[in-house]
Amino acid sequence: LKNLDRRAIGKTHFKIEAATVSAAQRIQVRKVLQLLLGSGAKPNEELQQVPIFLEKLRALAQQAGGEAPKPEAPATQFIDDIRRSVGNEQLLAVYNQRDTLTGAIKSWQDIAAKINQRWPQWENVHRLALQAKALDNVEPLLAQVQAIESSRQLLADPDPSPDLAAALAQALRTQLNAKADAYAQQHEAGMQRLAADANWAKLEPEQRHSLLARQRLTTADAPKIEVQTTADILLTLNAVPLAGLADRIAAMSGRFTQILEEAALLCEPKVQFVRLPQRTLQSATEIDAWAAEATALLNKALGNGPVRPQ
């Protein structure tokens with residue numbers, strides 16, 4: 001009462017304390033409080049400490065469940081029941097439910113610890129599964145991921161996540177290695193095209209580097225693909241998604257063609273690029289007709305200066 005503002009006395013509801021708590025009961029209450037408050041549960045301060053204890057207990061319950069595939073959060077109705085009581089009645093409520101509280105704390109702490117231990121591995125599984133959706137022949141693995149999530153099997157024994165993460169990582173590793181090989185082969189083929197080009201041979205090293213850099217085809221521009229560990233794979237895919245890597249590989253031939261055209265312009269500024277007809281030829285007659293058309297286009301352009309067919 002000494003902390004009660006006099007102006008609030010008229011609005012305050014006073015209730016006679018009918019319940020009594022024995023010294024032995026207070027000791028038992030304090031033992032329960034110490035499970036979460038430790039040395040903070042001091043004698044004769046139980047009434048002030050119960051609300052703090054209940055807040056910590058609710059927080060612990062939230063740690064013992066949650067989003068799938070975690071188990072569902074445990075029921076906490078009994079916490080609300082204790083919270084609604086006041087004074088000695090609240091202490092007696094803690095005392096009367098001391099076994100329930102003690103069991104819940106032990107169980108929830110064990111579950112929370114197991115969740116914390118397994119959650120990082122599950123997050124790896126989830127990230128790997130998202131990256132693997134575009135792959136062929138991984139449907140059984142993705143189905144396992146979905147089953148674990150829908151059935152909340154994070155804490156199943158044995159832990160399903162390590163083997164699943166390893167299988168998904170291997171599928172992605174294989175795909176990344178294949179893409180790395182394809183990139184290297186396409187790049188080598190493009191560099192051979194440049195080496196065989198007379199205009200490219202006339203350029204200074206700085207000019208060559210500038211043209212390659214403009215098309216992101218220097219050695220330094222090659223995608224950094226690391227696949228030794230799961231962490232390496234995820235970091236690689238974050239920086240170089242599979243779809244983006246496939247697009248880069250598909251575009252390489254065209255980019256090298258662009259470099260050849262720019263090299264020709266540097267060496268012969270008046271050169272004209274003549275795009276020849278693009279169609280499927282199915283007979284000798286069609287070939288002759290195409291050749292005549294192409295010759296006519298080239299001869300027409302030749303009157304205005306050097307030509308380079310495309």
*asked:* Would a single hydrophobic cluster contain both Leu33 and Ile52, if residues Ile, Leu, Val, Met, Phe, Trp and Tyr are joined by side-chain heavy-atom contacts under 4.5 Å?
replied: yes

*Approximate separation, where rounding is to 0.5 Å, of Leu130 CG and Leu237 CG*: 11.0 Å

_Short side-chain to backbone donor-acceptor contact, Thr102 and Arg98, under 3.5 Å_ = yes

*Around atom CD of Gln228, are there more than 12 heavy atoms of other residues, nucleotides or ligands at under 6.0 Å?*
no

*For residues Gln282 and Thr280, determine if any side-chain heavy atom of one lies less than 4.5 Å from a side-chain heavy atom of the other.*
yes

_Apply side chain to side chain contact (heavy atoms under 4.5 Å, CB included) to residues Arg58 and Arg83 and explain how you reach the verdict._
CA-CA 11 Å; Arg58 184 177 294 281; Arg83 187 191 302 276; 3.4 Å; yes

_Asn137, CG atom: more than 12 neighbouring heavy atoms under 6.0 Å_ = no

*Kindly state each residue pair satisfying side chain to side chain donor-acceptor pair (under 3.5 Å) with at least one member in residues 169-183, sequence neighbours excluded.*
Gln170-Arg173, Gln170-Thr174, Tyr183-Arg248

Let me check something: any side-chain donor-acceptor pairs from residues 103-111 under 3.5 Å, sequence neighbours excluded? List them with distances.
{"unit_1": "Lys106", "atom_1": "NZ", "unit_2": "Asp110", "atom_2": "OD1", "d": "3.4"}
{"unit_1": "Lys106", "atom_1": "NZ", "unit_2": "Asp110", "atom_2": "OD2", "d": "2.6"}

*Looking only at heavy atoms, which two atoms of Ala182 and Ile249 are closest? And how far apart?*
CB-CD1, 4.0 Å

*Minimum side-chain heavy-atom gap Leu91-Val29 below 4.5 Å*: yes

*Can you sort out the partners of Lys114 under salt bridge (Lys or Arg N to Asp or Glu O under 4.0 Å), two or more places apart, ordered by chain and number?*
Asp157

*asked:* Which residues pass the ring-ring contact (aromatic ring centres under 6.0 Å, His included) test with Phe53, not counting sequence neighbours?
replied: none

*Could you check if a side-chain atom of Thr236 sits within less than 4.5 angstrom of a side-chain atom of Pro223, using non-hydrogen atoms only?*
no

*Kindly say whether Leu154 contributes a backbone atom to a donor-acceptor pair with the side chain of Arg118 at under 3.5 angstrom?*
yes

*Is there a donor-acceptor pair under 3.5 Å between the side chain of Ser85 and the backbone N or O of Ile82?*
yes

_same_hphob_cluster(Phe78, Val32) at 4.5 Å side-chain heavy-atom cutoff_ = yes

*asked:* Filter on salt bridge (Lys or Arg N to Asp or Glu O under 4.0 Å), then keep only pairs touching residues 36-54, sequence neighbours left out; what's left?
replied: Arg26-Glu46, Arg30-Glu46

*salt bridge (Lys or Arg N to Asp or Glu O under 4.0 Å) pairs, two or more places apart, involving residues 186-198*: Asp197-Arg308

*Taking C-beta and beyond as the side chain, do Trp122 and Pro160 meet within less than 4.5 Å on heavy atoms?*
no

*With no hydrogens and no angle check, is any side-chain donor or acceptor of Asp247 less than 3.5 Å from a backbone partner on Gly244?*
no

_Heavy-atom pair of closest approach, residues Ile233 and Ala169_ = CD1-O, 3.4 Å

*Decide side chain to side chain contact (heavy atoms under 4.5 Å, CB included) for Gln90 and Leu54; before the verdict, give the C-alpha distance in whole Å, the side-chain angles of both, and the deciding distance to 0.1 Å.*
CA-CA 11 Å; Gln90 191 172 67; Leu54 293 177; 4.3 Å; yes

*If every non-hydrogen atom of Ala171 is compared with every non-hydrogen atom of Val138, which pair is closest and at what distance?*
CB-CG1, 3.9 Å

_Counting only heavy atoms not in Arg216 (residues, nucleotides, ligands), do more than 12 fall under 6.0 Å from its CZ?_
no

*Do you know which two heavy atoms are closest between Ile115 and Pro71, and how far apart they sit?*
CD1-CD, 4.0 Å

*Are the side chains of Glu226 and Leu235 in touch, meaning some heavy atoms are under 4.5 Å apart?*
no

*Could you tell me whether a side-chain N or O of Gln207 sits under 3.5 Å from a main-chain N or O of Glu204, the two making a donor and an acceptor?*
yes

*Hey, could you give me the CG/CG distance between Leu60 and Leu35, rounded to the nearest 0.5 Å?*
10.5 Å

*Is there side-chain contact between Leu212 and Met191, with heavy atoms separated by less than 4.5 Å?*
yes

*Residue pair Glu262, Arg214: steps toward the side chain to side chain contact (heavy atoms under 4.5 Å, CB included) verdict*: CA-CA 11 Å; Glu262 292 177 359; Arg214 196 177 305 166; 3.3 Å; yes

*Leu266 CG to Leu211 CG distance, which is reported to the nearest 0.5 Å*: 5.5 Å

_side chain to side chain contact (heavy atoms under 4.5 Å, CB included) between Ile225 and Val240, intermediate numbers included_ = CA-CA 8 Å; Ile225 297 177; Val240 190; 5.5 Å; no

*Can you tell if the side chain of Gln131 reaches within under 4.5 Å of the side chain of Asn238, non-hydrogen atoms only?*
yes

*Take atom CD in Glu72; do more than 12 heavy atoms of anything else shown fall under 6.0 Å from it?*
no

*For the residue pair Ala41 and Gln49, what are the closest heavy atoms and their distance?*
CA-OE1, 3.3 Å

_Residue that, paired with Phe256, satisfies side-chain contact (heavy atoms from CB on, under 4.5 Å) out of His187, Gln215, Gln192_ = His187

*Run the salt-bridge test on Lys133 and Glu139 with the 4.0 Å N-O cut-off and return the result as yes or no.*
no

_Validation row: Leu168, Val145 side chains within 4.5 angstrom (heavy atoms)_ = yes

*Backbone of Ile79 reached by a side-chain donor or acceptor of Thr76 within 3.5 Å*: no

*Output the distance between atom CG (Leu172) and atom CG (Leu242), rounded to the nearest 0.5 Å.*
6.5 Å

*Using atom types as modelled and distance alone, determine if a side-chain donor or acceptor of Arg152 lies under 3.5 Å from a backbone N or O of Lys70.*
yes

*Return the minimal non-hydrogen interatomic distance between Ala165 and Leu128, and the atom names on each side.*
O-CD1, 3.5 Å

*First locate atom CD of Gln25, then atom CG of Asn88, and finally report the distance between them rounded to the nearest 0.5 Å.*
9.5 Å

_Would you compute the distance between atom OG of Ser161 and atom CD of Gln153 and round it to the nearest 0.5 angstrom?_
10.0 Å

